K.L.:
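This is the structure, below, for whatever I ask next.
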Amino acid sequence: MSPYEILAAAGAVAALVVIVYIAASRSETGSPALAAALSGAFGAFTAVTIFIEGVMPVWTNHTQNLWGVQVWWDLLISVAIALFLVVPRARAQGMNVLPWILFVGTTASIGLLAMVARLFWLEKANKAA
């Protein structure tokens, strides 16, 4: 396996672990620590990727063929669905959602994970109060 194939497989395994954790959890609120850790880890990986390869390959990867466009649209649709589900809860917790939407819109999963980490933290804090 190439290093890129190993990284892709590791991502699939990590996603599977998180999905199993979510499915098995009986908590009404997600883990702010897990969401924050995932945001930080993916943000660090992204920073390394940008440092090594630059930013333009993102656009190139998503515009070279139909699969690239399909993956791009899938990302956009997934982010929009996530915001559709998260924003009402965030508003209910008093979060100013516009900066978060801009952060998610510019960083996708990095910002979304940070947003839900904050949301989960607020939900847990308000439940305890």
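Keep in mind that this is a model prediction, so the values were computed, not measured. Residue numbers count from 1 along this sequence. Values below: all heavy atoms of this structure, side chains included; hydrogens, waters and symmetry mates excluded.
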K.L.:
Is any side-chain heavy atom of Val17 less than 4.5 Å from a side-chain heavy atom of Tyr21?
P.N.:
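No, too far: nothing below the 4.5 Å cut-off.
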K.L.:
If the plane angle is over 60° it's perpendicular, under 30° parallel, otherwise tilted; pick one for Trp100 and Phe103.
P.N.:
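Ring orientation, 0 to 90° scale: tilted.
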K.L.:
Can you check whether Ser27 reaches Lys124 side chain to side chain, under 4.5 Å on heavy atoms?
P.N.:
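Side-chain contact under 4.5 Å: yes.
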K.L.:
Give, for atom CG of Leu112 and atom CG of Leu38, the distance between the pair rounded to the nearest 0.5 Å.
P.N.:
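Leu112 CG to Leu38 CG: 11.0 Å, rounded to 0.5 Å.
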K.L.:
For the residue pair Ala36 and Ala117, what are the closest heavy atoms and their distance?
P.N.:
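Residues Ala36 and Ala117, closest heavy atoms: N-CB, 3.6 Å.
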K.L.:
Which atom pair, heavy atoms only, marks the closest approach of Ile110 to Ser39?
P.N.:
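Between these two residues, the closest heavy atoms are O-OG, 2.8 Å.
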K.L.:
With a 6.0 Å cut-off (strictly less than), is the heavy-atom count around CD of Glu28, excluding the residue itself, greater than 12?
P.N.:
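Count not over threshold, so no.
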K.L.:
Quick check: are there more than 12 heavy atoms from other residues, nucleotides or ligands sitting under 6.0 Å from CZ of Phe120?
P.N.:
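Buried by this count: over 12 neighbours within 6.0 Å.
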K.L.:
Is it true that, when you exclude Leu16 itself, more than 12 heavy atoms of the residues, nucleotides or ligands shown sit nearer than 6.0 Å to its CG?
P.N.:
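Above 12, so yes.
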K.L.:
In a table with atom names and distances, give each donor-acceptor pair under 3.5 Å that connects a side chain of residues 75-99 to protein atoms at least two apart or in another chain.
P.N.:
| unit_1 | atom_1 | unit_2 | atom_2 | d |
| --- | --- | --- | --- | --- |
| Ser78 | OG | Asp74 | O | 2.9 |
| Arg89 | NE | Glu123 | OE2 | 2.9 |
| Arg89 | NH2 | Glu123 | OE1 | 2.6 |
| Arg89 | NH2 | Glu123 | OE2 | 3.1 |
| Gln93 | OE1 | Asn126 | ND2 | 2.4 |

K.L.:
Could you work out, with ring-ring contact (aromatic ring centres under 6.0 Å, His included) as the rule, every residue matching Trp72, not counting sequence neighbours?
P.N.:
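So Trp72 forms a ring-ring contact (aromatic ring centres under 6.0 Å, His included) with His62.
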K.L.:
Between Thr46 and Phe42 (side chain of the first, backbone of the second, donor and acceptor by atom type, cut-off under 3.5 Å), is there such a pair?
P.N.:
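Checking the backbone N and O of Phe42 against the side chain of Thr46, a donor-acceptor pair under 3.5 Å is found.
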K.L.:
Should Trp121 and Leu113 be counted in the same cluster of Ile, Leu, Val, Met, Phe, Trp and Tyr side chains packed under 4.5 Å apart?
P.N.:
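They do not share one cluster, since no chain of ILVMFWY contacts under 4.5 Å joins Trp121 to Leu113.
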